[in-house]
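As structure tokens, the structure follows; a few thoughts come after it.
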Amino acid sequence: VAQSNIPADDLMTARAQVPDHVVFRTFAAETVVLNLETGKYHGLNPIGGRMLEVLSESPSVAAAAAVLAREYGEPIARIQADLHEFCSELAQRGLLQLRVAAAA
Amino acid sequence: VPALGALEEAREALPAGRKAALAFEILATYLRARWLLARGDLPGAVATLRDAPDAPSAPVPGSHRIGRRLGRAVVNTLSVLPVDSRCLMRSLVLTRLLARRGIPATLVISARPGPEFGAHAWVEHAGRPLLPVGDFADARLLEL
């Protein structure tokens with residue numbers, strides 16, 4: 001089930017996917033994200049760009065948080081809080097889909 | 001040598017009737033591309049414009065030269081009309097013109113990041129541009 005606004009606890013088990021209508025490329029100082037449905041370009045700083053990369057490759061947001069916590073040497077709780085805000089903002093702009101496993 | 005280039009261009013000049021027909025085709029394609037973009041996304045518009053079942057399936061001799069000439073015609077025609085003649089519309093129109101003639105092409109979107117952000121679109125055939133690339137060659141974001 002794809003959602004854009006989900007509680008922090010549920011978010012950690014969700015899988016973040018970059019939709020087919022979104023393309024991004026990481027440059028030296030910025031990641032450019034293009035939403036093909038709206039025709040709008042968005043810019044992410046290097047940390048945001050790395051977050052998007054790791055999210056798109058990870059099986060869950062929690063797994064992405066673990067990778068980023070290791071990379072940046074920050075407490076996992078802080079990374080999870082940052083990812084919650086980041087995912088929510090991207091999802092609201094149609095740049096990320098958060099897929100929560102449907103209840104059995 | 002510029003003089004020789006001009007002579008070559010003159011030899012390639014189309015008769016007035018065919019020029020008018022091409023201008024009409026460009027304008028009609030422009031209107032269709034606008035309509036498609038207003039109702040769907042870019043990949044969908046490109047796929048629709050590329051759909052030309054009656055186009056020749058065999059390789060077209062001199063396809064790059066033809067493509068460049070069509071590219072110039074698109075730029076020249078759209079720039080004198082009161083229409084959106086920006087790079088994306090030019091590229092969409094040229095994509096359709098090439099598809100109708102059986103010439104495969106790729107629409108490229110580039111974006112240059114930073115404070116002087118800029119985005120650009122052009123069309124390539126066999127990896128060679130048919131429309132001006134500017135300084136966006138290294139900033140490719142998407143190929144359709």
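Every chain is numbered from 1, with letters handed out A, B, ... down the list of sequences.
- With a 4.5 Å cut-off on non-hydrogen atoms, B:L37 does not touch chain A at all.
- Surrounding CZ of B:R100 are at most 12 heavy atoms belonging to other residues, nucleotides or ligands under 6.0 Å away.
- In the displayed structure, B:R68 atom CZ is contacted under 6.0 Å by at most 12 heavy atoms of other residues, nucleotides or ligands.
- The neighbour count for B:F117 CZ, taken as heavy atoms of other residues, nucleotides or ligands under 6.0 Å away, is above 12.
- Interface summary for chain A: among B:G40, B:A111, B:A139, the most heavy-atom pairs under 4.5 angstrom belong to B:A139.
- Within the 4.5 Å cutoff, side-chain heavy atoms of B:L142 are placed close to those of A:L36.
- The environment of B:R86 atom CZ is sparse: at most 12 non-hydrogen atoms of other residues, nucleotides or ligands sit within 6.0 angstrom.
- More than 12 heavy-atom neighbours from other residues, nucleotides or ligands sit within 6.0 angstrom of CZ on B:R39.
- When all heavy atoms are compared, the tightest approach of B:S110 to A:Y41 is O-OH, 4.4 Å.
- Going from atom CG of B:D138 over to atom CZ of A:F27 covers 9.0 Å, rounded to the nearest 0.5 Å.
- In this structure, A:D20 places its CG atom where only 12 or fewer heavy-atom neighbours from other residues, nucleotides or ligands lie under 6.0 Å away.
- No donor-acceptor distance shorter than 3.5 angstrom exists from the side chain of A:E37 to the backbone of B:D41, with no hydrogens or angles considered.
- Among A:H21, A:E30, A:R25, the residue with the largest count of heavy-atom pairs under 4.5 Å with chain B is A:R25.
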